[in-house]
Structure formats: C-alpha cells, structure tokens
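Please read the structure below before turning to the comments.
Computed from a predicted model, the values in this text were never measured in an experiment. Naming: A, B, ... by sequence-line order, numbering from 1 per chain.
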Protein chains: 2
Amino acid sequence: METVVKKTRKQQIEEKATKLFRQKGYAATSMRDLAQVLGIEAASLYSHIKSKEEILQKICFRMADEFFDAWKEVEMESGNHAAKMEKAAICYVKVITKNTDASAVFFHEWRHLSEPYLSEFLAMKNDYEGRFIKILRDGMQSGEFHEADEKFMMLTILSSLNWTHNWYKPSGNLSPEEVGSKLANLILNGLKK
Amino acid sequence: METVVKKTRKQQIEEKATKLFRQKGYAATSMRDLAQVLGIEAASLYSHIKSKEEILQKICFRMADEFFDAWKEVEMESGNHAAKMEKAAICYVKVITKNTDASAVFFHEWRHLSEPYLSEFLAMKNDYEGRFIKILRDGMQSGEFHEADEKFMMLTILSSLNWTHNWYKPSGNLSPEEVGSKLANLILNGLKK
DNA sequence: AATACTTGCTAACACCTGTTAGCCTCATTA
DNA sequence: TAATGAGGCTAACAGGTGTTAGCAAGTATT
C-alpha cells in the first residue's frame with residue numbers, strides 16, 4: 001500500500017504545464033492545450049493561477065532553488081579540487097534527474113521570462129557558473145588541473161551535465177549518483193586510456 | 001575594396017528570420033516581427049517564401065547538409081581513433097562556428113518541423129550520432145579508449161560540442177579549429193594533469 | 001445552519017496568428 | 001515600345017491568443 005499524497009489543483013496544473021512546456025515549448029503551448037489535458041476549460045485555470053507566465057516563473061525559480069540547495073553538499077566536500085568537481089557534478093546531476101521535465105523547461109524556456117524575472121534569473125545563473133569557475137581556478141592554481149580558459153572549461157562541463165535531462169530515464173539501470181560520477185570521471189580523466 | 005555580393009530578398013529574409021528564431025524562438029516569432037525587421041509588410045514576405053515553416057526547414061536541412069559535408073574530411077583521417085575523434089570534433093565545431101545563429105535554431109527549433117520533415121530530420125540526426133558511436137566503439141575495441149556506454153559517451157561529447165554555438169564569438173581570439181582542438185583535448189585527456 | 005473556499009462553467013473581450021487575393025509601381029529585357 | 005518579373009502595398013480571412021466577468025454548484029469549516 002502506498003500513501004497517496006493528495007495534490008492540490010494548482011500543483012496538478014503546474015505538473016501538466018511542465019510536461020507540455022517541455023514537449024511543445026512554452027510559446028507553442030496554449031492555455032487551451034493545458035486545460036484540455038486537465039479536462040477543464042481554459043478560463044477555469046484562472047481560479048488557480050494568475051497567468052501563464054506565473055507557471056513558467058514557478059518552474060524556473062523552483063529549479064534554481066534546488067540547484068542552490070544542492071550546492072550546500074558541495075561546500076561540505078573536504079577533498080582536493082578533483083573531488084570537489086566530482087561532488088559538484090553528482091549534486092548537479094541529482095537535481096536534474098530528479099525532475100527531467102522541469103529541468104528541460106528550466107534550460108530551454110527561461111528566455112520567455114519577462115522583466116524583472118529575467119534579470120533575476122540571469123543573475124542566479126551567473127552566480128552558479130561562478131562557483132564552477134572557482135573550483136576550476138583553484139584546481140589550476142594548485143596544479144591539479146591543466147591550465148586552460150576557465151570560462152571555456154566551465155561552459156563545456158556544464159553543457160555535458162545539462163544534457164542529462166535529455167536522455168536520463170529513471171527506469172534505466174543507472175542511479176543519479178552513478179551518472180554524475182561517470183560524467184565527472186569522463187570530464188576529469190578523459191576518454192583515452 | 002571588397003566585392004559586395006548582392007543577396008536576393010529571399011536570402012535576406014532567411015537571414016533575418018534565423019536571427020529572430022534564435023533570439024525569440026520559432027513559435028514566438030511572428031511573420032509581422034520578421035517583416036518589421038526587413039521594413040516591409042508581413043504579407044509581402046509571401047512574394048518570396050511559401051510559408052513560415054519553409055524558412056525553418058531551409059535552416060534545419062541546410063545545417064544538416066553542412067554537417068554531413070564536413071564528415072567527408074573525417075573519413076579521410078587515417079590516424080588512430082583518438083585522431084579520428086579529434087578530427088570529428090574539429091569539423092563539427094567548424095560548421096557550428098561558421099554560423100552560430102543557424103546552429104542555435106538547428107539545435108533548438110527542429111521540433112517545430114511538421115511531418116514528414118520531422119521524421120526525415122530525426123533519421124539524419126540518428127545517422128550522424130551513429131557515426132560518432134562507431135568511432136567510440138572502434139576505439140574501445142582497439143583498447144585505445146576506456147570501456148563505457150557508447151551512447152552515454154556520444155551524447156556527452158556531442159552536448160559539449162553543441163554548446164559552442166552559445167558562446168563562440170568570431171571576434172574572439174580562438175579560431176574554430178583551435179576551439180575544436182581544445183574541446184577534443186578536454187574530451188580525450190580530461191581536466192586532470 | 002451559516003459561511004467561506006474550492007472548482008468549475010459560459011460568454012466575451014481585444015488582440016494576434018499565418019496566409020491569400022488583388023492591385024500597383026518600377027526596372028529590366030525583348 | 002511592349003512585355004515581363006521582382007517587389008511591395010492594402011484589405012481581409014478564419015481562427016487562435018491570454019485573460020476577465022459573472023455566476024453556480026459542492027465541500028469544508030465555524
């Protein structure tokens with residue numbers, strides 16, 4: 001017997017919207033599309049939400065919160081910089097795999113946020129990227145990593161991690177930790193023997 | 001003195017559309033938006049193009065053609081599998097950096113293609129990914145690469161390469177070849193010393 | 001029993017969507 | 001000089017867009 005947690009109508013709306021936004025994109029998803037999936041009229045949605053964009057905001061900022069939350073674990077890592085990078089990759093991938101739909105929306109649809117949300121979002125993105133850069137810089141200074149352009153490295157690493165949302169299936173045989181670990185290994189040690 | 005190549009109106013339309021599709025997304029770009037950028041009325045566009053989707057099709061399939069074209073050079077590479085992978089990365093990145101706008105549209109907006117174009121596109125994508133997988137498999141069999149899930153590897157590698165479109169600036173100090181080479185180096189040898 | 005909250009409906013609004021029809025002007029070609 | 005084609009216009013179409021107003025029924029709380 002499982003305990004069925006009762007979801008509010010608002011949560012149901014956000015859930016279905018996330019799936020649709022991922023599938024068709026935010027702009028190409030109409031409120032009537034969303035209503036149909038829920039079996040109600042489009043106008044009825046507005047008893048629960050303020051606007052279409054509010055849903056997108058919720059998705060984007062909830063994901064951002066989760067990424068920042070996960071970083072706390074990275075800060076506790078006391079090993080060398082390679083260990084820190086591995087930890088960061090694992091925590092990052094854990095967040096993504098926990099909700100692949102929301103991640104996809106988070107990565108692709110944030111540009112449809114209006115101001116001031118867009119600026120706030122970009123500031124957070126910048127902050128987060130800076131944390132990765134710091135690990136890289138520290139690792140280079142200590143001689144642990146190859147010297148290279150930090151930003152270039154960070155973007156390349158994050159793009160490999162980001163892509164997880166596109167192929168990770170919870171039904172597969174890899175746990176989020178394993179995926180993160182394997183990705184970190186590829187990044188740190190490369191393809192060659 | 002430079003020779004100014006005269007562009008047909010159709011080419012101008014496709015160029016501006018590519019920029020807009022990248023900036024706002026295909027679905028969020030209206031024909032009136034596009035017309036405004038060109039300084040004409042929306043209806044006037046239809047003297048030159050058949051439909052909005054036709055523009056997207058042109059962009060997507062032209063990019064696909066360029067990727068396949070570039071592969072010819074990869075096939076001529078006679079070195080080991082690491083050399084082949086490096087060559088593939090360089091050729092791939094060259095195509096992306098040559099037109100970052102069209103690449104962004106190619107990577108993000110293809111899902112708005114209607115049938116049968118969508119299926120054709122996906123088949124090509126699959127074919128191309130298979131070519132990367134083959135290099136990986138061969139390299140693993142010959143003992144040159146670490147044993148690992150081929151598809152996982154391919155997706156990770158391609159996602160790092162794909163991301164180039166997002167940050168490459170022709171005005172920067174790295175040539176496409178250098179970018180491809182550096183990316184290949186990171187993929188092959190990893191971050192660690 | 002009275003109240004408030006949740007959830008939904010229909011009708012409608014003002015505006016935006018891709019696209020077509022029909023017409024005009026101007027530069028090039030026959 | 002006549003004909004052609006490129007390029008653009010206005011007006012209009014049929015339908016889709018997010019959203020609001022006003023109302024009604026059912027459920028939970030006081």
(request) May I ask you to decide if the ring planes of A/F132 and A/Y92 are parallel, tilted or perpendicular, using 30° and 60° as cut-offs? (result) perpendicular
(request) Measure from OH on A/Y26 to P on D/dT17 and round the result to the nearest Å. (result) 13 Å
(message) The side chain of B/S51 is closest to which nucleotide in this list: C/dT7, D/dT19, C/dT19?
(response) C/dT19
(message) Under 4.5 Å between side-chain heavy atoms, counting indirect links through other Ile/Leu/Val/Met/Phe/Trp/Tyr residues: same cluster for B/I90 and B/Y168 or not?
(response) no
(request) Would you kindly give the CD1-to-P distance between A/I13 and D/dT19, to the nearest whole Å? (result) 13 Å
(request) Quickly work out the B/E54 CD to C/dT19 C1' distance and round it to whole Å. (result) 13 Å
(request) Report the residue from B/L136, B/L158, B/I187 that forms a side-chain contact (heavy atoms from CB on, under 4.5 Å) with B/M153. (result) B/L136
(request) For D/dA6, take OP1 and OP2 only and decide whether either is under 4.0 Å from a side-chain N or O of B/H48. (result) no
(message) Nearest whole Å is fine: how far is C/dT6 C1' from A/Q11 CD?
(response) 15 Å
Using atom types as modelled, flag every donor-acceptor pair under 3.5 Å from a side chain in residues 15-23 of chain A to any protein atom, sequence neighbours excluded.
{"residue": "A/T18", "atom": "OG1", "partner": "A/E14", "partner atom": "O", "Å": "2.6"}
{"residue": "A/K19", "atom": "NZ", "partner": "A/D101", "partner atom": "OD2", "Å": "3.2"}
{"residue": "A/R22", "atom": "NH1", "partner": "A/D101", "partner atom": "OD1", "Å": "2.7"}
{"residue": "A/R22", "atom": "NH2", "partner": "A/H165", "partner atom": "O", "Å": "2.9"}

(request) Figure out the CZ/P separation between A/R9 and D/dT27, and round it to whole Å. (result) 15 Å
(message) One thing to verify: whether A/E150 and A/R137 come together as a salt bridge, which I'm taking to mean a side-chain N less than 4.0 angstrom from a carboxylate O.
(response) yes
(message) Tell me which residues in residues 29-46 of chain A lie within less than 4.0 Å of DNA chain D, going by non-hydrogen atoms.
(response) A/T29, A/S30, A/M31, A/R32, A/A43, A/Y46
(request) Sort out for me which residue in B/L113, B/I59, B/V105, B/L56 forms a side-chain contact (heavy atoms from CB on, under 4.5 Å) with B/Y26. (result) B/L56
(request) Can you tell me the distance, in whole Å, between the CD atom of B/Q12 and the C1' atom of D/dG7? (result) 11 Å
(message) Distance check needed: C/dC16 P versus B/K24 NZ, whole Å only.
(response) 12 Å
(message) What is the separation between atom CD1 on A/I49 and atom P on C/dG8, rounded to the nearest whole Å?
(response) 12 Å
